[in-house]
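Note that ligands are numbered from 1 as they come in the structure, with each ligand's atoms numbered from 1 the same way. Here the structure is a predicted model, which is why all the values come from computation and not from measurement.
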Amino acid sequence: MNNPIKFKLNGRQITSSVLGGQTLLELLREQLDLTGTKRGCDAGDCGSCTVLMDGRPVNACLVLAAEVEGKEITTIEGLGTEGGLHPLQQAFVDYNAVQCGFCTPGMILTAAALLNENPDPTDAEIRHYLQGNLCRCTGYDKIVRAVRAAAAPQQS
Ligand code: FES
Ligand code: FES
């Protein structure tokens with residue numbers, strides 16, 4: 001059965017019909033064409049589907065679409081502005097923290113939540129916060145450097 005829900009998506013209030021059992025990941029990718037949110041494991045293990053829900057990182061494959069009624073969702077498409085990249089996006093480019101790019105949207109959104117909570121994290125804190133986001137390519141060092149640079153560009 002189709003149910004209408006209202007929520008804020010990337011700064012805009014929207015209404016969408018959702019099916020019972022439909023996940024937020026399915027809603028974003030298949031109905032709203034926001035394919036920056038990636039489907040990896042579809043089981044809560046890889047973090048590639050990470051979006052922000054009321055500012056907190058969640059695995060969109062584990063959240064029912066119906067649960068976002070009244071919430072604020074931010075996907076990678078909502079992070080930068082028309083004028084330019086978000087500082088984290090720019091830092092990932094500058095520090096070569098993107099290889100295949102599959103983990104990158106989720107990694108950047110998780111890092112954005114970290115920097116909102118803790119604007120000056122240590123490397124250990126960055127690694128700990130990002131532990132739910134898996135990357136098969138980079139070995140993580142460049143990602144940690146990029147997050148640190150975005151947090152404190154004057155020290156990089
Ligand atoms: S696709 Fe959601 S955690 Fe892997
Ligand atoms: S850049 Fe390929 S999985 Fe992270």
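Distances from atom 4 (Fe) of ligand 1 show that C61 has no N/O/S atom below 2.8 Å. Here C49 fails the criterion, with no N, O or S atom under 2.8 Å of atom 4 (Fe) of ligand 1.
The closest side-chain heavy-atom distance from I14 to L32 is below 4.5 Å. Side-chain contact between Y129 and P57 is present, with heavy atoms from C-beta onward closer than 4.5 Å. Residues E69 and K6 meet the side-chain proximity criterion, which asks for heavy atoms closer than 4.5 Å.
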Begin with the C-alpha distance, continue with both residues' side-chain angles, and end with the deciding distance and a verdict on salt bridge (Lys or Arg N to Asp or Glu O under 4.0 Å) for E125 and R148. CA-CA 10 Å; E125 287 168 334; R148 198 176 54 217; over 6 Å; no
Determine, step by step, whether R56 and E117 satisfy the salt bridge (Lys or Arg N to Asp or Glu O under 4.0 Å) criterion, reporting the C-alpha distance in whole Å, the side-chain angles of both residues, the deciding distance to 0.1 Å, and the verdict. CA-CA 10 Å; R56 309 270 315 166; E117 283 177 29; 2.7 Å; yes
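Under 3.5 Å, the side chains of Q22 and Q31 contain a donor-acceptor pair of N or O atoms. Looking at N10 and T74, their side chains never bring a donor and an acceptor atom within 3.5 Å of each other.
The ligand atoms of ligand 1 that sit less than 4.0 angstrom from a heavy atom of C46 are 1 (S), 3 (S), 4 (Fe). Those atoms of ligand 2 with a heavy atom of R136 less than 4.0 angstrom away are 3 (S). Residue C41 has at least one heavy-atom neighbour below 4.0 Å for each of these atoms of ligand 1: 1 (S), 3 (S), 4 (Fe). Counting the atoms of ligand 1 from 1 in the order shown, those under 4.0 Å from a heavy atom of G44 are 3 (S). Atoms of ligand 1 lying under 4.0 Å from any heavy atom of G47, numbered from 1 in the order shown and given with element: 3 (S), 4 (Fe). Close approach to D42 involves these atoms of ligand 1, each under 4.0 Å from a residue heavy atom: 1 (S), 4 (Fe). Atoms of ligand 2 found under 4.0 Å from any heavy atom of G101 (numbered from 1 in listed order, with element): 1 (S), 2 (Fe).
Selection from C100, C103, C137 by nearest heavy atom to atom 4 (Fe) of ligand 2 gives C103.
Contact annotation for D45 and ligand 1: only backbone heavy atoms (N, CA, C, O) come within less than 4.0 Å of the ligand.
A donor-acceptor pair under 3.5 Å is absent between the side-chain atoms of Y140 and the main chain of R127, judged by distance alone.
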